[in-house]
Amino acid sequence: MLNESLTKALNDQLNFELYSAHVYLAIAAYCSGESLDGFANFFIVQAEEEKFHAMKIYKYLNDRGKRVTMAGMETPNNEYGSTLEAFEHAYEHEQEVTKRIYHLSDLAMNDREHATIQFLKWFIDEQVEEESMFDSIINKLKRIDKDSNAFFMMDAEYALRSFTPPAL
Ligand code: MG
């Protein structure tokens with residue numbers, strides 16, 4: 001039986017994953033506005049992944065007999081000075097997500113809620129991937145600096161990114 005505080009913390013995380021989708025769609029819109037369709041696609045796909053993360057928690061709470069509730073959302077940042085700045089913002093956002101997942105994991109461990117500890121392992125691994133991906137893109141963007149050929153090659157590369165949701 002999930003206690004009320006852990007249930008609320010999981011429900012908050014579900015809402016934060018949806019907020020992450022919102023943050024990434026705002027970055028996608030910024031990229032579209034700059035005619036960087038590949039980078040825009042990258043963030044649209046990222047937003048789909050975030051919605052998938054939210055739905056994983058949705059299903060988990062339902063499976064544990066708990067009622068999910070939706071919260072309102074803050075307006076995300078819609079303006080950026082550069083693509084690099086947008087990726088840096090995304091990286092900081094993912095570090096915040098990691099902090100929240102660790103906190104959730106601590107709560108589950110304090111309650112000795114083994115099913116939830118197990119459930120959160122997937123998210124812990126996912127955060128390692130997310131942080132590593134953003135860190136490496138930021139490094140690339142810094143390295144290519146003012147080389148516009150390399151920059152547009154990256155844009156073309158990210159036009160190919162896609163997301164096929166695995167089973168929840
Ligand atoms: Mg996520």
Side-chain angles (χ1 to χ4, degrees), residues 2 5-32 38-64 66-78 80 83-109 111 113-141 154 157-168:
L2 279 183
S5 67
L6 191 50
T7 301
K8 183 188 178 302
L10 283 162
N11 193 77
D12 287 350
Q13 187 59 33
L14 182 164
N15 279 281
F16 199 74
E17 296 291 344
L18 290 175
Y19 176 65
S20 302
H22 217 49
V23 167
Y24 294 140
L25 278 179
I27 298 179
Y30 160 75
C31 295
S32 292
F39 285 109
N41 178 63
F42 176 96
F43 281 103
I44 289 169
V45 169
Q46 190 64 29
E48 284 172 22
E49 279 199 28
E50 300 308 337
K51 195 175 164 209
F52 171 73
H53 298 165
M55 291 312 293
K56 260 185 112 70
I57 304 173
Y58 183 100
K59 180 176 187 300
Y60 182 70
L61 284 171
N62 274 308
D63 286 349
R64 300 297 305 269
K66 296 296 177 184
R67 172 80 157 78
V68 165
T69 56
M70 305 310 298
M73 272 186 220
E74 232 178 273
T75 303
N77 188 22
N78 281 285
Y80 291 94
T83 307
L84 174 61
E85 199 184 293
F87 273 96
E88 283 172 336
H89 183 80
Y91 184 39
E92 278 164 27
H93 185 80
E94 286 304 325
Q95 288 170 306
E96 172 64 26
V97 174
T98 302
K99 236 205 280 178
R100 288 170 184 246
I101 298 283
Y102 283 10
H103 175 66
L104 258 177
S105 217
D106 287 344
L107 286 179
M109 285 197 276
D111 285 350
E113 222 317 311
H114 293 283
T116 303
I117 296 167
Q118 184 69 22
F119 170 72
L120 289 170
K121 279 205 169 113
W122 184 91
F123 285 87
I124 292 169
D125 291 343
E126 177 69 12
Q127 284 314 112
V128 173
E129 294 301 314
E130 300 282 41
E131 286 195 26
S132 147
M133 173 183 73
F134 282 115
D135 183 44
S136 113
I137 295 171
I138 287 167
N139 285 335
K140 268 190 216 163
L141 283 170
M154 271 180 88
E157 181 190 334
Y158 293 135
L160 305 175
R161 188 184 189 205
S162 65
F163 176 62
T164 310
L168 276 176

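Just so we're clear, the structure is a prediction, and the values are computed from it rather than from any experiment. In each ligand, atom 1 is the first atom listed, and ligand 1 is the first ligand listed.
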**Prompt:** Would you call the rings of His53 and Trp122 parallel, tilted or perpendicular, where under 30° means parallel and over 60° means perpendicular?
**Reply:** perpendicular
**Request:** Kindly assign one of parallel, tilted or perpendicular to the pair Tyr19 and His22, based on the angle between their ring planes and the thresholds 30° and 60°.
**Result:** tilted
**Message:** I need the protein N, O or S atoms closer than 2.8 Å to the Mg ion (ligand 1), given as residue plus atom name.
**Reply:** Glu17 OE1, Glu50 OE1, His53 ND1
**Item:** Candidate list Tyr30, Tyr24, Phe43, test ring-ring contact (aromatic ring centres under 6.0 Å, His included), partner Phe87, passing option
**Value:** Phe43
Scan the side chains in residues 131-141 for donor-acceptor partners under 3.5 Å anywhere in the protein, sequence neighbours excluded, and list what turns up.
from: Glu131; atom 1: OE2; to: Thr98; atom 2: OG1; distance (Å): 2.6
from: Asn139; atom 1: ND2; to: Asp135; atom 2: O; distance (Å): 3.4

**Request:** Assess whether salt bridge (Lys or Arg N to Asp or Glu O under 4.0 Å) is satisfied between Arg161 and Glu49, documenting all intermediate values.
**Result:** CA-CA 12 Å; Arg161 188 184 189 205; Glu49 279 199 28; 3.1 Å; yes
**Item:** Lys/Arg-Asp/Glu bridge criterion (N-O < 4.0 Å) met for Lys59, Asp63
**Value:** yes
